Amino acid sequence: MVQTPSNPDVVVVGAGFAGLYMLHRLRDAGFTAMAFERATGVGGTWYWNRYPGARCDVESMQYSYGFDEAMQQEWHWSERFAGQPEILRYANWVADRLDLRRDIRFETSVTSAEWDEAACLWTVRTDRGDKLRVRYLVMATGCLSAARLPEIEGIADFRGNTYHTGQWPHEPVDFTGQRVAVIGTGSSGIQAIPVIAEQAAQLTVFQRTPNFSIPTHNQPMDTEYENLWKSDYSGRRERARGMRTGILHDLNDKGALEVEEAERRAEYERRWERGGTAFMVAFNDLVTNAAANDTAAEFVRAKISATVRDPQLAELLAPKDHPIGTKRICADSGYYETFNRPNVALVDLRATPIQRIVPEGVLLSDETLRPVDSIIYATGFDAMTGALTAINPRGVGGLPLTEVWAEGPKTYLGLCTVGFPNMFIITGPGSPSVLTNMIVSIEQHVDWIVDCMAWMRRHGAVRLEAEATAQERWMEHNNEVARRTLYPRAGSWYMGANVQGKPRVFMPYIGGVAAYRQACDNAAKDSYSGFLLQMDRAAAQ
Ligand code: N01
């Protein structure tokens, strides 16, 4: 067995899907690497988000690695949309099969990283007292990994049990007979609520903003469908890489207003019945044209009012403050139907905000108390930047990332940021990341980064840093493509709007996976144009 050296070439932070593939590619390319992972196991987001009902909204046949034909042929998914336990099993299977654990230190958090300009090395420290000096630092920290509790007074005063969907306990939680509160109605809340409602004696949902949700109509994997995929898996993966979202959907190339009302309705109906987020590609202009978007939003609102028996409740659940899809669209299993249950109640926080949490439960602004035994915070994450700024690496001149990104994250290609040489971010802000099938984006980033490191090794380059002008141009391009869409109209976590004081900038790149890949490949082909390189001929191998 090869021992990982104490000062490997690369430190990888995180052992989710990004960190695992990174380790594999680095090893194949002849680099030594060590990954640090704060959890006890691999899987990243699928390790932490164990809440009841957690499920991927990208179809299983697509939400998996595509780099190894034998692996993708061998693995069998049991459902059309895989649940969290199965995805976590898959991550563990991959880690074992590729023998990755020997290069991962679990239950170890990276606490600091400092760039040493003279030596062209990163000094990385962990909470277990490790100190490593490495050439490359790879942040595989995930886009939705810094769970956040809301700014509500009195959270610590609560006498019952408190949970966060993004930090769910490993042991089963039984809500039988309990009065349960769920605060938050994003993807996590919307998935958890129907499952918890079946167990709890009384479930109270505290909703600040209603969200659009499409049913998944999840079902056991259809063997014919699986075989169809597997008959040309690599071809399908390749086609997916050419799609805007990295997902092979049946895109409609017509605009919503180009067709008659009856055809439009039929198209929405067909997709609603089929289930899943492909609803958003029913027409080609749903995220760019407000009038087109409104037809889709109206269709979903009508579905909500047809499903929820109490018209007042249906009205409260119908989103009206943002175009559909501009907050991440949710995918559910019986969400709206859950509000027909006698043991489920909705509190509209727009009308009556939470005053504070008290030992007995939730106290509203009108002094009514909602007594509960458990509170579940489904309140999301400090998305895209939170895990990076928590480590807060210090780059050239000791400048901390939090200072450099004080007005919002700035990157070149979402991969690197000025002032932080030899530091790569996997699916960082400024890359398509969360707008796509994450695994497709992860594979593309990892391949690009490892190819870049191998190129540097071949050419004797010891330092690579994004150029300020290239970064500026990339950020301008990012903003420009975002402005052409409806996305900036929503107060979403894409915009940093869910964290008080976080700058409002649209963080992911919305130009699409294919255009983005082209931009990355062009830079690489052009000897890493847009990057400053420092050569040390003696180091060339
Ligand atoms: O978090 P969110 P999430 N008082 O930020 C509310 C991915 N994911 O964990 O909208 C009361 O979306 C907040 O209200 P508002 C997916 O990308 C994927 O649900 O800010 N409420 C909102 O309703 C997803 O988008 C999958 O007004 C407060 C909720 O909490 C992302 O993770 C499954 C509040 C937070 O929603 C994050 O989803 C799960 C307060 N003080 C997650 N603060 C799938 O693959 C916040 N809220 C299906």
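Please read all numbers here as calculations on a predicted model, not as lab measurements. Read the numbers this way: they start at 1 and go in the same order the structure lists the ligands and their atoms.
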Consider every N or O of [X] and every N or O of ligand 1, then say whether any pair is closer than 3.5 Å.
X      : answer
Asn211 : no
Trp493 : yes
Arg328 : yes
Pro150 : no
Asp57  : yes

Could you walk me through whether Val372 and Gln178 pass the side chain to side chain contact (heavy atoms under 4.5 Å, CB included) test, one step at a time?
-> CA-CA 8 Å; Val372 288; Gln178 287 195 27; over 6 Å; no

Ring centre gap for [X] and [Y] strictly below 6.0 Å:
X      : Y      : result
Tyr63  : Phe81  : no
Phe206 : Tyr377 : no
His322 : Tyr487 : no
Phe175 : Tyr163 : yes
His477 : Tyr516 : no

Measure the distance from [atom] to every protein heavy atom, then report the residue, atom name and distance (to 0.1 Å) of the closest one.
atom                    : result
atom 7 (C) of ligand 1  : Leu144 CD1, 3.7 Å
atom 11 (C) of ligand 1 : Leu349 CD1, 3.6 Å
atom 43 (N) of ligand 1 : Arg208 NH2, 3.4 Å
atom 15 (P) of ligand 1 : Thr209 OG1, 3.4 Å
atom 35 (C) of ligand 1 : Ala378 O, 3.3 Å
atom 6 (C) of ligand 1  : Gly184 CA, 3.7 Å
atom 33 (C) of ligand 1 : Tyr51 OH, 3.3 Å
atom 1 (O) of ligand 1  : Gly380 CA, 3.2 Å

Start with the C-alpha distance between Met221 and Met61, add both sets of side-chain angles, then the distance that settles side chain to side chain contact (heavy atoms under 4.5 Å, CB included), and finish with yes or no.
-> CA-CA 9 Å; Met221 179 58 70; Met61 293 312 295; 3.7 Å; yes

Between Gln219 and Tyr225: side-chain donor-acceptor atoms closer than 3.5 Å | no

Answer with side chain, backbone, both or neither: which part of [X] has a heavy atom less than 4.0 angstrom from an atom of ligand 1?
X      : answer
Gln500 : neither
Tyr63  : neither
Arg55  : backbone
Val58  : neither
Ala54  : neither
Ile190 : neither
Phe206 : neither

Arg350 heavy atoms within 4.0 Å reach ligand 1 at atoms 27 (O)

For Cys56, the ligand 1 atoms with a heavy-atom partner under 4.0 Å come out as 45 (O)

Is [X] near ligand 1, meaning one of its heavy atoms is under 4.0 Å from it?
X      : result
Ala331 : no
Thr185 : yes
Phe81  : no
His164 : no
Lys327 : yes

Check: of Ser188, Gly166, Pro353, Ala192, min heavy-atom distance to atom 38 (O) of ligand 1 comes from Ser188

Note: heavy atom closest to atom 36 (O) of ligand 1, options Cys143, Gly491, Gly186, Ser187, belongs to Gly186

Tyr47 six-ring face occupied by Arg50 cation (under 6.0 Å, within 45°) = yes

Between Trp493 and Arg328, is there a cation-pi geometry (under 6.0 Å to ring centre, at most 45° from the normal)?
-> no

Specify whether [X] and [Y] have parallel, tilted or perpendicular ring planes, treating 30° as the upper limit for parallel and 60° as the lower limit for perpendicular.
X      : Y      : value
His164 : Phe381 : perpendicular
Phe424 : Trp448 : perpendicular
Trp168 : Tyr51  : perpendicular

Do you know which two heavy atoms are closest between Ile425 and Gly428, and how far apart they sit?
-> CG2-CA, 3.4 Å

Would you name the heavy atoms of Arg271 and Leu251 that are closest together and state the gap between them?
-> NH2-C, 4.3 Å

Is the shortest distance from a Lys or Arg side-chain nitrogen in Arg274 or Asp250 to a carboxylate oxygen in the other one below 4.0 Å?
-> no

